[in-house]
Protein chains: 4
Amino acid sequence: MSHVAEPVKHARSWTRRKQARPGEILEAALSVFAEKGFAAARMEDIAARAGVTKGTIYLYFQNKEDVFKSLAREIVGNRLASATKQMHDYTGPARELLIRLLQTIDNFLSDRERAMLPKIIIAESGNFPELARFWRAEVIDKALAMVSGTIKRGIERGEFRPVDPEYTAKLCVAPIMLGVIWRNTFSAIDPVSLDNEKFLAMHFDILLKGLAPEGKKP
Amino acid sequence: MSHVAEPVKHARSWTRRKQARPGEILEAALSVFAEKGFAAARMEDIAARAGVTKGTIYLYFQNKEDVFKSLAREIVGNRLASATKQMHDYTGPARELLIRLLQTIDNFLSDRERAMLPKIIIAESGNFPELARFWRAEVIDKALAMVSGTIKRGIERGEFRPVDPEYTAKLCVAPIMLGVIWRNTFSAIDPVSLDNEKFLAMHFDILLKGLAPEGKKP
Amino acid sequence: MSHVAEPVKHARSWTRRKQARPGEILEAALSVFAEKGFAAARMEDIAARAGVTKGTIYLYFQNKEDVFKSLAREIVGNRLASATKQMHDYTGPARELLIRLLQTIDNFLSDRERAMLPKIIIAESGNFPELARFWRAEVIDKALAMVSGTIKRGIERGEFRPVDPEYTAKLCVAPIMLGVIWRNTFSAIDPVSLDNEKFLAMHFDILLKGLAPEGKKP
Amino acid sequence: MSHVAEPVKHARSWTRRKQARPGEILEAALSVFAEKGFAAARMEDIAARAGVTKGTIYLYFQNKEDVFKSLAREIVGNRLASATKQMHDYTGPARELLIRLLQTIDNFLSDRERAMLPKIIIAESGNFPELARFWRAEVIDKALAMVSGTIKRGIERGEFRPVDPEYTAKLCVAPIMLGVIWRNTFSAIDPVSLDNEKFLAMHFDILLKGLAPEGKKP
DNA sequence: TATGAATGAGTCTTCATTCAT
DNA sequence: TATGAATGAAGACTCATTCAT
């Protein structure tokens, strides 16, 4: 699971794949940016990891910043929307939905590709405020809205005791985020650190007990 | 020429230079590194923010990396130890101690100076694995040990239901960490976002209820 | 691989390629070189202006320099010779011939295509001394020879007072050159600047008076 | 008189001369730009010819374009103004003034430093329209105004026959300009080509005769 | 013939670091 | 101690040129 710079060897080395290139480059860029940060990432490294040379990147992107921004936009992209809809149709107990939702978020963020993004956002928010804004609006707020909506429903249905849904949503997500960040930050220095399964299970356990209405067994 | 004064040779690399070192440089470095990350931070910016010129920094530090590492070490430094001792002497209920402990951690991390460090660690763990290792060992593990120790005590005293203390400690700290990161990441784009008081209060409320032994009112 | 067609190998370096060569490329090259100079001219711009793609240029020319040199040679090419002969057959008064000759030169240089060449020569003589030499020998000296020949004839016929024919030839041509350069240099910034008709008429007027033998009405 | 890249060796090699640097750099830049044109000129060449290294240039100028523009502005600078005033005070015959004026212009342009500028303007007007505009307004139009003013005076005083002063001014200046350009363009390929003294004398001779009132000996 | 994706040498530009003062 | 002019290695970016199709 270590992200050492080894050029990805695609099927055959010399066919032209105009369509595939940008995606490959973004994928390579993601891992380099996540490793080094924006400033320390070298275009040549990105190119090498994508199996091309410097110049090729500039066929598809204006410059380093463009690669970076495209990355942030493309990676989230599609799946978020589908996740949203899925939740809306659900009619069962809020407790179950909440767990499922948080698990979806965890899955979403644990995907090898996307796991690096929170780190990038945190690291580069100072250099790219628009990036922070974009992510805040397009991803974080949307995800939090889904969670807080579920909590609100739970309160209405009497499954949860009355709590502030917005703040509680953040509390629900916090351990998930921390887990992602933790794994990204410390994976290189101690590979086994955190059993995510167990960690999540405990989180859900304590959380649901903590949200249970007074006098009721959760 | 022979009469020129020897440039100050610091005891190689990693020693503390207590007397002469202007803390202003480290303070300035902290804010610049937090804003830009290591690579994008310019020595001239640090110098300017410290009110000196580039050259002066090299009187006290070997190079940029030395500034960065010194920073990470010096900033934590003293206060952590004192906090540790304070906890050991405490004999009251674990619930109270836990809250107090978490509040201390929050205070520690919310200090204007130190708030930026988690962000730096996250951002630069890829470029400076030793830094991650140092922080993990010197700060995080120690802090988590205090928390998990308290939880263990609470379980022994029957205040908490039986849970894995190590994992629970992380769950306790997660929202605090997230709060710090959140404020650092999004403060520039929406200044009011998170009422930390309220956020913590809710965290403690849900957490304690979640940890309460079965059938007992927390 | 063995069945691949041999790339077209032009007779090394400096031969004319009459048949196949799309004059459009040279024409396009002329305007781009005139606008940007040799170094700043991009092959892609030339290709675009010629309605082909970069690769195509290399079917007809070895490289950028070859395009440039071909250009300088081809553009002058044919018409100069014809102009020369025409002059030799003339038998009327030198004054009339001189005017006609200068007007021919002006026409030659004012042609949309060729107007840009003096500028190119001036700009690139440093980078391409052979170009300067070629032009000096093939165009300038020949043109000046025609003019000075006419002046010499005029002196012999008593139409002009005795002057140095070579230097006078340059004086005759100077305003024409300056007009061409002027229009090329300043056309973008003030479109009307110079009425060439009037400018030439005045030049001829002053010149002929200035060359008239003492005591004679010109 | 050949402009080979030999680094100028200033008095002592290692003293700091903050004030002198920019001027030295501009001087070096002038000769490199004149030789190669803007695009082909390498910052390293300019630096070498100024006896410094690349980086030093950026202490004084923003970038290559800034060097170029500063150059165009600084070089003209002071002397033009003084020349203007000198002419205004003159009260003698216009013919004499005209000659003196043209000679001043020739001197101004023949100065080793400035001789390269017309070539640069011509070559780079396409890439730097503002430069062309600046020079047109600040130098050319002012110089032409002085000449045409003198001609107008000459007409009023009956020394010249009635001609359009603006166009005539250009005709007066044309050979001077052409001489400067000629020397710059062909000096490398035939060093003796043009005796400027003689060329100017002939120009004045023909010009004054050409401008003399009808029936009057000039 | 023609294309245009890919290459990589060549430049500008930045900035950590040095050092004479 | 402190300065800041100067250096030069490093990296972003461009574009002439190649070559598989």
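Naming: A, B, ... by sequence-line order, numbering from 1 per chain.
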Assess whether side chain to side chain contact (heavy atoms under 4.5 Å, CB included) is satisfied between B:Phe38 and A:Lys36, documenting all intermediate values. CA-CA 10 Å; B:Phe38 179 80; A:Lys36 315 267 191 181; over 6 Å; no
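Considering only side-chain atoms of D:Leu59, the nucleotide from F:dA5, F:dC13, F:dT3 that sits closest is F:dA5.
Atoms CG (A:Asp45) and P (F:dG11) sit 8 Å apart, rounded to a whole Å. Separating the CD1 atom of D:Ile57 from the P atom of F:dA5 is a distance of 16 Å, rounded to the nearest angstrom. The distance between atom CD1 of D:Ile25 and atom C1' of F:dA6, rounded to the nearest whole Å, is 11 Å. Going from atom CG of C:Asp66 over to atom P of F:dA16 covers 15 Å, rounded to whole Å. Straight-line distance from the OH atom of A:Tyr60 to the P atom of F:dC13: 18 Å, rounded to whole Å. We find that NZ of A:Lys64 is positioned 14 Å from P of F:dT14, with the value rounded to whole Å. Rounded to whole Å, the distance from CZ on C:Phe61 to P on F:dA16 is 15 Å.
Note on D:Ala41: only backbone sugar-phosphate atoms sit closer than 4.0 angstrom, heavy atoms only; bases stay farther off.
Taking a cutoff of 4.0 Å between a charged side-chain nitrogen and a carboxylate oxygen, C:Glu35 and C:Arg49 qualify as a salt bridge. Of the charged side-chain nitrogens involved, none lies within less than 4.0 Å of a carboxylate oxygen, so that D:Glu130 and D:Arg133 do not count as a salt-bridged pair.
Within 3.5 Å, a donor on the side chain of D:Lys54 pairs with an acceptor on the base of E:dT13, or the reverse.
If you check F:dT18 for Watson-Crick or wobble pairing at under 3.5 angstrom, you find it paired to E:dA5.
Close to E:dA5, at under 4.0 Å from its OP1 or OP2, lies no side-chain N or O of A:Thr56. Look at A:Tyr58 and you'll find a side-chain N or O under 4.0 angstrom from OP1 or OP2 of F:dC13.
In this structure, A:Ala40 and D:Val52 both approach DNA chain F, and ranking their closest nucleotides by distance from the 5' end singles out D:Val52. Nearest-nucleotide positions on DNA chain E place C:Thr53 closer to the 5' end than the other of D:Met43 and C:Thr53. Across the interface with DNA chain E, nearest-nucleotide mapping of B:Asn63 and A:Gly55 shows A:Gly55 to be the residue nearer the 5′ end.
Paired with D:Phe61 under the rule side chain to side chain contact (heavy atoms under 4.5 Å, CB included), one option of D:Thr56, D:Ile25, D:Ile46 passes, and it is D:Ile25.
In plain terms, the two heavy atoms of A:Ala72 and A:Phe134 that are nearest each other are O-CE2, 3.7 Å.
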